[in-house]
Amino acid sequence: MIASIFEWLTSSATWSGDTGLGARLIQHLWYSLLAVVIAAVIAIPLGLWVGHTGRAKWLVTLANSLRAVPTLGLLFAVALWLGPKFQSDLAFLIPSIVVLVVLVIPPILSGVYAGVEAVDPATRDAARGMGMRGLEVVRQVEIPNALPLILSGLRSAFLQVIATATVAAYVGLGGLGRYLVDGIKTGDYVSTAGGALVVSLLALIVDGILAVVQRLVVSPGLTGGRKGRSLRGRTSPDVVAAETESLPQAGMSVPGGGVDPDAA
């Protein structure tokens with residue numbers, strides 16, 4: 001079975017044509033990216049507003065409750081409702097994107113809200129004391145400090161949508177889900193297993209890329225990196241050397257006269 005899957009993945013016939021693995025992979029990435037972008041446009045401003053003002057926290061609870069909704073059942077319901085209202089491929093694309101957006105709003109919204117809400121109130125007060133107004137505080141203080149959790153929410157959203165976008169094949173769309181649906185229907189378990197393997201690898205690769213991006217754009221002081229720990233703990237060699245030189249040497253006088261007893 002493993003040899004058959006490897007042969008299927010490396011075959012030129014598998015990758016060629018409009019229904020080949022290459023085309024399906026691009027379709028799958030397109031559905032996933034479109035859903036995450038739409039969800040981010042909705043969830044990020046909403047999460048910033050809730051976290052900054054402390055109002056309407058029930059929206060975060062409501063969004064998290066949507067995680068319990070069965071994705072496939074919701075897809076069929078939305079497809080039956082919206083499908084007849086559109087022509088061509090939009091009858092399949094729009095219901096699928098709507099369901100995927102509903103799926104990925106909760107992790108993005110929760111990450112943004114948690115990141116902003118966790119900002120130290122003293123930091124906000126200091127920013128306001130410097131004359132910053134509401135949007136300036138959000139843009140220059142809260143977003144940079146909340147960036148690790150915001151990006152973590154986006155990473156979680158991408159993982160979920162890439163894994164779940166396969167359900168779009170059930171209503172006639174393309175993507176990697178076609179190998180799962182068509183393979184099970186025809187008994188072609190090699191392509192079914194191969195498609196599932198590609199979905200898993202795709203999710204891991206995208207998550208790895210986002211992890212590198214997160215490491216590059218987030219300040220080490222926020223992630224507890226070596227540089228951040230050195231600055232916060234004042235343990236860098238230069239700082240230690242400077243502080244050591246400033247200490248009283250053995251036998252030197254200390255304030256108030258006399259000799260430092262500890263040094264002696």
Side-chain angles (χ1 to χ4, degrees), residues 28 30-86 90-121 123-124 134-135 137-139 141-171 173 175 177 199 203 206-207 210-211 214 218 222:
H28 200 90
W30 165 242
Y31 303 150
S32 302
L33 181 61
L34 181 60
V36 172
V37 168
I38 295 174
V41 169
I42 297 171
I44 290 179
L46 187 59
L48 291 174
W49 177 75
V50 175
H52 178 73
T53 63
R55 302 174 184 173
K57 294 182 180 180
W58 59 269
L59 289 173
V60 180
T61 304
L62 177 63
N64 285 327
S65 69
L66 296 176
R67 299 173 187 261
V69 177
T71 305
L72 191 57
L74 181 63
L75 175 62
F76 286 142
V78 175
L80 292 173
W81 174 43
L82 293 179
K85 302 179 186 297
F86 299 95
L90 291 177
F92 309 112
L93 178 62
I94 292 179
S96 300
I97 296 301
V98 168
V99 172
L100 294 177
V101 167
V102 170
L103 172 72
V104 296
I105 280 180
I108 299 176
L109 179 59
S110 298
V112 175
Y113 163 72
V116 174
E117 198 270 339
V119 174
D120 189 349
T123 306
R124 293 193 184 95
L135 289 179
V137 173
V138 171
R139 186 175 65 253
V141 177
E142 293 179 341
I143 291 179
N145 280 277
L147 200 55
L149 287 178
I150 292 175
L151 293 178
S152 294
L154 287 171
R155 287 175 60 186
S156 177
F158 267 106
L159 281 174
Q160 291 186 31
V161 76
I162 288 174
T164 312
T166 54
V167 300
Y170 283 99
V171 293
L173 277 184
V199 172
V206 171
D207 185 63
L210 293 176
Q214 181 174 352
V218 175
L222 296 175

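Looking at heavy atoms from C-beta onward, Val99 lies out of side-chain contact with Val167 at the 4.5 angstrom threshold. Proximity of Glu117 to Val50: side-chain heavy atoms (C-beta onward) are nowhere separated by under 4.5 Å. Val102 places none of its side-chain heavy atoms less than 4.5 Å from the side chain of Val69. Leu210 has its side chain out of reach of Leu154: every pair of non-hydrogen atoms, C-beta onward, lies at least 4.5 Å apart.
The nearest pair of heavy atoms linking Ala43 to Leu109 is O-CD1, 3.6 Å. Ala146 approaches Gly115 most closely through the heavy-atom pair CB-C, 3.3 Å. The heavy-atom pair separating Pro106 from Leu66 by the smallest distance is CG-CB, 4.4 Å. The shortest heavy-atom contact between Gln214 and Ser152 is NE2-OG, 3.6 Å. Nearest heavy-atom pair, Leu100 versus Tyr31, reported as atom, atom and distance to 0.1 Å: CD1-O, 4.4 Å. Of all the heavy atoms in Ile108 and Ala39, the pair that sits closest is CD1-CB, 4.1 Å.
Remark: Glu142 pairs with Arg124 by the salt bridge (charged side-chain N to carboxylate O under 4.0 Å, His left out) rule, at least two apart or across chains. The side-chain contact (heavy atoms from CB on, under 4.5 Å) check on Ala114 picks up Leu149, with sequence neighbours excluded. With sequence neighbours excluded, the residues forming a side-chain contact (heavy atoms from CB on, under 4.5 Å) with Leu48 are Ile44, Val112, Val116, Val138, Ile143, listed by chain and number.
Once rounded to the nearest 0.5 Å, the distance linking CD1 of Ile42 with CD1 of Ile105 reads 4.5 Å. Rounded to the nearest 0.5 Å, atoms CZ (Phe92) and CG (Leu75) are 11.5 Å apart. Atoms CH2 and CG, on Trp30 and Leu93 in that order, are 8.0 Å from each other to the nearest 0.5 Å. Rounding to the nearest 0.5 Å gives a distance of 4.5 Å between CD1 of Ile97 and CG of Leu34. To the nearest 0.5 Å, atom OG of residue Ser156 and atom CG of residue Leu151 are 12.5 Å apart.
Heavy atoms from other residues, nucleotides or ligands lying under 6.0 Å from CZ of Phe76 number more than 12.
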Q: Evaluate the side chain to side chain contact (heavy atoms under 4.5 Å, CB included) criterion for residues Phe158 and Val104: first the C-alpha distance (whole Å), next the side-chain angles of each, then the deciding distance (0.1 Å), finally the verdict.
A: CA-CA 8 Å; Phe158 267 106; Val104 296; over 6 Å; no

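Note on residues 107-116: pairs passing side chain to side chain donor-acceptor pair (under 3.5 Å), not counting sequence neighbours, are Asn64-Ser110. Within the structure, salt bridge (Lys or Arg N to Asp or Glu O under 4.0 Å) pairs that include any residue of residues 69-80 do not occur (at least two apart or interchain). Applying the salt bridge (Lys or Arg N to Asp or Glu O under 4.0 Å) test to every pair with at least one member in residues 151-162, sequence neighbours left out, gives these pairs: Arg155-Asp207.
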